[in-house]
Amino acid sequence: MARNYDSQPRVLVTGGAGFLGSHLIDRLLQQGCDVLCVDNLFTGSKRNLDHLAGHPRFEFIRHDVTFPLYVEVDEIYNLACPASPIHYQHDPVATTKTSVHGAINMLGLAKRLRCKILQASTSEVYGDPTVHPQTEDYWGNVNPIGPRSCYDEGKRCAETLFFDYHRQHGLEIKVARIFNTYGPRMHPADGRVVSNFIMQALRGEPITIYGEGQQTRSFCYVDDLIDGLMRLMASPADCTGPVNLGNPNEFTMRQLADKVLALTGSKSKIAHRPLPPDDPRQRRPDITLAGARLGWAPKIQLEEGLRPTIDYFAGAHVG
Ligand SMILES: NC(=O)c1ccc[n+]([C@@H]2O[C@H](COP(=O)([O-])OP(=O)(O)OC[C@H]3O[C@@H](n4cnc5c(N)ncnc54)[C@H](O)[C@@H]3O)[C@@H](O)[C@H]2O)c1
């Protein structure tokens, strides 16, 4: 790509054909940025970018981030990585490679270009946490050899690489620890609770709840999350993170199921299944740091976010 000094920042989004990446691209284009999306379409889809066909400031490259990439940009958001257990456990070696080799390749690119780079890390770096809610100074409780380790440890190693490039090469880095996020363009079969409940309700199938459904989760609507990522990218250079981004409001699985049933008008029944042994009772971010450094807090309430999400699934994938 030839440099054009008159234009708005050129932003690279890896994983841009995925759920979060495609929303981020929409917002960057709205702000007038030039956007280059790089994705190997492993879990993402060109459908998520269909509406951008012919957009003069948007470009797509099919590329696997485990291989080096030579482009000219001003900022990098590194989101490429399968994010749900079904997808990241499909080829665990590829998952670790995507996190680790992908981080090395994107950090190498940022080093060459002397540009800012943001890493989409995850609450999973806290593993099975022993403190609630999780603050960024908690080092986590992660199994290094289990079936989830390819994701958890891959993301932890990526964070290590980001901070080593920062200390060793003076690179400007931003690390976001993203908690459970939902919204339109989520993969309908990713096995996550929001998409599961909505799909079951829309199909009139029983809504499966593990145990009594008293375990709690917190859910961040995608628009809030993208706002947090963009504020982090725009923050002063000393604001490296890691910073938690998520919605601290907790809901029991039963409450979530009831909301989905009410909003879809579905006649689905609740079906209780035995509680899996490793099902956490609670997961909730402490977002004090994001409030203090980024002036960020989620604004969209669960019901408000569930409506467009349900509309998306109803229109795109069911019936
Ligand atoms: N959605 C969440 O709740 C959540 C929570 C924590 C962290 N995250 C992180 O945010 C990022 C985006 O997640 P998402 O929910 O949009 O998932 P997603 O699966 O919808 O998007 C990931 C994208 O990365 C692409 N990708 C995967 N491997 C690649 C590779 N080797 N080379 C190039 N592209 C590749 C996929 O095709 C997909 O488009 C991920 O890094 C994920 O770990 C998401």
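For ligands, and for the atoms within them, numbers begin at 1 and follow the listed sequence.
- The shortest N or O to N or O distance between G44 and ligand 1 is below 3.5 Å.
- Where the criterion is an N or O separation shorter than 3.5 Å, residue side chain and backbone included, D64 meets it with respect to ligand 1.
- Remark: minimum distance from atom 18 (P) of ligand 1 to any protein heavy atom is reached at T43 OG1, 3.7 Å.
- The atoms of ligand 1 that sit less than 4.0 Å from any heavy atom of L79 are 11 (C), 12 (C), 40 (C), 41 (O).
- Set against the non-hydrogen atoms of P82, the atoms of ligand 1 under 4.0 Å away are 27 (C), 28 (N).
- Nearest protein neighbour of atom 35 (C) of ligand 1, counting heavy atoms only, is N40 OD1, 3.0 Å.
- Scanning the protein for heavy atoms near atom 22 (C) of ligand 1, the closest one is C81 O, 3.2 Å.
- Nearest protein heavy-atom neighbour of atom 10 (O) of ligand 1: L20 CD1, 3.6 Å.
- Here the protein heavy atom with the shortest distance to atom 17 (O) of ligand 1 is A83 CB, 3.5 Å.
- Ligand 1 places these atoms under 4.0 Å from at least one heavy atom of A80: 24 (O), 33 (C), 34 (N), 35 (C).
- Taking the charged nitrogens against the carboxylate oxygens, R156 and D152 have no contact shorter than 4.0 Å, which rules out a salt bridge.
- Salt bridge annotation for R10-E72: absent, with no cationic side-chain nitrogen under 4.0 angstrom from a carboxylate oxygen.
- Here L41 has backbone heavy atoms under 4.0 Å from ligand 1, and that is the only part of it that gets that close.
- S149 places a side-chain N or O within donor-acceptor distance of the main-chain N or O of N143, the cut-off being under 3.5 Å.
- Proximity of K155 to ligand 1 is established by a heavy-atom distance of less than 4.0 Å.
- Test N105, D64, V38 against L69 for side-chain contact (heavy atoms from CB on, under 4.5 Å) and you get one pass: V38.
- Residues Y221 and E304 are not in side-chain contact: their nearest non-hydrogen atoms beyond the backbone lie 4.5 Å or more apart.
- In H63, the part holding a heavy atom less than 4.0 Å from any atom of ligand 1 is the backbone.
- For Y151, every heavy-atom contact with ligand 1 shorter than 4.0 Å involves the side chain, none the backbone.
- Using cut-offs of 30° and 60° on the angle between ring planes, the pair Y126 and Y138 is parallel.
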N/O donor-acceptor pairs under 3.5 Å from side chains in residues 284-297, not counting sequence neighbours:
from: R284; atom 1: NE; to: E250; atom 2: OE1; distance (Å): 3.1
from: D286; atom 1: OD1; to: T288; atom 2: N; distance (Å): 2.9
from: D286; atom 1: OD1; to: T288; atom 2: OG1; distance (Å): 2.5
from: R293; atom 1: NH2; to: D238; atom 2: OD1; distance (Å): 3.0
from: W296; atom 1: NE1; to: D224; atom 2: O; distance (Å): 3.0

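- With respect to D227 and R27, a salt bridge is recorded, a charged nitrogen being found less than 4.0 Å from a carboxylate O.
- Checked against a 3.5 angstrom limit, the closest N/O atoms of I178 and ligand 1 fall outside it.
- What sits closest to atom 20 (O) of ligand 1 on the protein, heavy atoms only, is F19 N, 2.8 Å.
- Heavy atoms of S121 found under 4.0 angstrom from ligand 1 belong exclusively to the backbone.
- What sits closest to atom 3 (O) of ligand 1 on the protein, heavy atoms only, is T181 N, 2.9 Å.
- Looking at E159 and K155, no side-chain N of the basic residue comes within less than 4.0 Å of a carboxylate O on the acidic one, giving no salt bridge.
- Under 4.0 angstrom from ligand 1, the non-hydrogen atoms of R192 all belong to its side chain.
- Note: an N/O pair closer than 3.5 Å links F42 and ligand 1 by distance alone.
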Under 3.5 Å, side-chain donor or acceptor atoms of residues 85-94 against the rest of the protein: list the pairs with distances, not counting sequence neighbours.
from: H87; atom 1: ND1; to: S84; atom 2: OG; distance (Å): 3.0
from: Q89; atom 1: NE2; to: P147; atom 2: O; distance (Å): 3.4
from: D91; atom 1: OD1; to: A94; atom 2: N; distance (Å): 3.2

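- Using a 4.0 Å heavy-atom cutoff, A17 is listed among the residues neighbouring ligand 1.
- Checked by distance only, ligand 1 and G16 stay at 3.5 Å or farther apart across all their nitrogen or oxygen atoms.
- In summary, the side chains of Q8 and D34 do not present any donor paired with an acceptor at a separation below 3.5 Å, with no hydrogens or angles considered.
- Ligand 1 has an N or O atom lying under 3.5 Å from an N or O atom of G18, backbone or side chain.
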Exercise. Given D190 and S195, is the side-chain hydrogen bond (donor to acceptor under 3.5 Å, both in side chains) satisfied, shown in steps?
Worked result: CA-CA 7 Å; D190 67 2; S195 41; 2.6 Å; yes
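- Tracing side-chain contacts under 4.5 Å through hydrophobic residues (I, L, V, M, F, W, Y), one never reaches V142 starting from V175; they form parts of separate clusters.
- Using modelled atom types, one finds no donor on one side chain facing an acceptor on the other under 3.5 Å when comparing S218 with N247.
- Close approach of ligand 1 to N180 is summarised as follows: ligand atoms under 4.0 Å from at least one heavy atom of the residue are 3 (O).
- Side-chain contact check for H23 versus L20: every heavy-atom pair is 4.5 Å or farther apart.
- In terms of protein heavy atoms, atom 37 (O) of ligand 1 is closest to D39 OD1, 2.6 Å.
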